[in-house]
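To start, the structure under review is shown below, and the notes come after it.
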Amino acid sequence: MDFTFSEEHQMLRQAVRDFTDGAVRPLSAQIEREHHVPRELLDQLAELGLYGVAIPEEYGGAGMGETGLCIAMEEITRGDFSVAVTYGAHASIGAMSVLVGGTEEQKRKWLPSYATGEVKGAYALSEADAGSDPAAMSTTAVKDGGDWIINGEKIWITAGNLADLVTVYAITDKTKGASGGVTAFLVPAESKGYSVGKAEEKMGQRGSSTVTLAFDDVRISDEYRLGEVGAGFKNAMATLDRGRLALGANCLGCAKEALSLATNYANERVAFGKPISRHQAIQWMLADSATEIYAMESLVYRTAWMCDEHVPFTRESAMTKLFASEALDRIVDRAVQIYGGMGYSAEYPIEKLYRDARVTRIYEGTNEIQRMVIARDVIARGI
Ligand code: COS
């Protein structure tokens, strides 16, 4: 057994950490205030080669696997959750939907531009009446000669307003539902009939845009169909396996930031004649958070290793997302408690981390859905 990161992965971590410290964290308050990640920052991520981290070398990427992507996600989140989530919409679920579901020809055609950041992706599955149950979607794609006509509306699409090519899931056979009735498409943002709608006003992660996308008789040629007709639901689920794991890495980065801030604060803040870090009540909180971070880290990188070794990891990805998001909630909550009144003030960074954390128990599949995925697998395959 060898739990050490490769030299390449360690160098990646250092490079992303330096970038986060120098370019992301200093902009975090502005990004939150303006509800917008500056284009230049996204371009800088491209210059660092980060969009292609998980894309194999034969498709123009860095070939650092899901492990590399999790390292990048963890480190960027330490500086700002919204920047990491925007990055993830492109580099994780956007690009990964092509990697897991595209034909060989499509991977060769599209992935090199995803890797450079020239093409930015996004992932459009959820609808107003189809969140936890995406098979109930009503967006349709109907064949018309050599083209497809797409109609419908997707909601909660992260960075949908920044995407050039959106992975859209649509019903192509109503009688089949999840088992063969859904097909994936790559829809270019310049398509006629495609429009970006309202942006959500959110409790946290306010810098990341979350928009609706509407498709009004959008006509695309068959070459934009991603994978086989009817294989879309499997593509959506396999992409989410990776997305949930990457979200675990986000939670890990946010948790480390919260614990690090809380520890520094506890060392400085004096009560009853000594720093509060020397009071047992605070020490127990620090100990519990550090222990949970260790567990999160173990889950994230063991599961990333499974993915990179092509070992099935659906159950483990759901477990990682479930545990990491719930542990994060406890960790940011303790951090607020350690900060006391200052933890409730928007002048200090903890308040933002507390709000940023909450949605992780909801998006990429609610934690109730993760428990369903885990339980189904335990029942089917045993422990
Ligand atoms: N990888 C590949 N294929 C998968 C898969 C996975 N992780 N999970 C399911 N599938 C396949 C199944 O094998 C099945 O294929 P067959 O019909 O050929 O056997 C098909 O997909 C349908 O699977 P299932 O019957 O389990 O579908 P359900 O409708 O019961 O849905 C859940 C399963 C609930 C797990 C799914 O709907 C889900 O994840 N919901 C949450 C959606 C979500 O996360 N939304 C947020 C996205 S925002 S980024």
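Both counts, for ligands and for their atoms, begin at 1 and track the order of listing. The first residue in the sequence is number 1, and the count goes up from there.
- From the protein, the heavy atom lying nearest to atom 34 (C) of ligand 1 is Met372 SD, 3.7 Å.
- Between the side chains of Tyr224 and Gln106, no donor-acceptor pair is found at a separation under 3.5 Å.
- Among protein heavy atoms, atom 2 (C) of ligand 1 sits closest to Lys234 O, 3.8 Å.
- Counting only heavy atoms of the protein, atom 35 (C) of ligand 1 lies nearest to Val373 CG2, 3.6 Å.
- Close approach of ligand 1 to Met237 (heavy-atom distance below 4.0 Å) involves ligand atoms 1 (N), 4 (C), 5 (C), 6 (C), 7 (N), 8 (N), 9 (C), 36 (C), 38 (C), 39 (O).
- Between Tyr339 and Tyr348, the ring planes lie perpendicular to each other; the angle is over 60°, past the 30° to 60° tilted range.
- With a 4.0 Å cut-off on non-hydrogen atoms, Lys176 does not touch ligand 1 at all.
- Between the side chain of Asp308 and the main chain of Thr67, a donor-acceptor pair closer than 3.5 Å is present.
- Judged purely by atom type and a 3.5 angstrom limit, Lys120 has no side-chain atom pairing as donor or acceptor with the backbone of Ala159.
- Put simply, atom 4 (C) of ligand 1 has protein non-hydrogen atoms near it, under 4.0 Å away.
- When Ser132, Ala236, Gly365 are checked for heavy-atom proximity to atom 40 (N) of ligand 1, Ser132 turns out nearest.
- For Arg13 and Phe5, the positive end sits near the middle of the six-membered ring, less than 6.0 Å away and at most 45° from its axis.
- Ranked by closest heavy atom to atom 31 (O) of ligand 1, the top entry among Tyr169, Tyr123, Phe233 is Phe233.
- Using modelled atom types, one side-chain atom of Tyr87 and one backbone atom of Leu50 make a donor-acceptor pair closer than 3.5 Å.
- Scanning the protein for heavy atoms near atom 24 (P) of ligand 1, the closest one is Arg376 NH1, 4.0 Å.
- Note that atom 22 (C) of ligand 1 has protein non-hydrogen atoms nearby, at separations under 4.0 angstrom.
- Between the Asn235 side chain and the Ser97 main chain, a donor and an acceptor come within less than 3.5 Å of each other.
- Scanning the protein for heavy atoms near atom 17 (O) of ligand 1, the closest one is Ser179 OG, 2.5 Å.
- With a heavy-atom cut-off of 4.0 Å, Leu240 touches ligand 1 through its side chain alone.
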CA sep, side-chain torsions, deciding dist, call: Tyr354, Tyr344, ring pair (Phe, Tyr, Trp, His ring centres under 6.0 Å): CA-CA 9 Å; Tyr354 185 83; Tyr344 203 65; 8.3 Å; no

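- In terms of protein heavy-atom proximity, atom 48 (S) of ligand 1 is closest to Ser126 OG, 3.8 Å.
- Nearest protein heavy-atom contact of atom 37 (O) of ligand 1 is Pro134 CD, 3.3 Å.
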Please assess Ile150 against Val187 for the test side chain to side chain contact (heavy atoms under 4.5 Å, CB included), listing each intermediate value before the final yes or no. CA-CA 9 Å; Ile150 302 180; Val187 178; 3.8 Å; yes

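- For atom 7 (N) of ligand 1, the nearest non-hydrogen atom of the protein is Asp241 OD2, 3.0 Å.
- For the 3.5 Å distance criterion, the side chains of Glu268 and Asn264 fail to qualify, holding no donor opposite an acceptor.
- At distances below 3.5 Å, at least one donor-acceptor pair connects side-chain atoms of Thr263 with backbone N or O atoms of Leu259.
- The ligand atoms of ligand 1 that sit less than 4.0 angstrom from a heavy atom of Thr314 are 7 (N).
- Applying the 4.0 Å criterion to heavy atoms of Ala238 picks out, from ligand 1, the atoms 1 (N).
- The closest non-hydrogen atom to atom 39 (O) of ligand 1, taken over Arg244, Glu364, Gln370, comes from Arg244.
- With Arg17 as reference, Glu75 is the one residue of Glu74, Glu257, Glu75 to meet the salt bridge (charged side-chain N to carboxylate O under 4.0 Å, His left out) rule.
- Counting heavy atoms only, Gly131 comes closest to atom 45 (N) of ligand 1 of the residues Ala178, Gly131, Gly177, Pro312.
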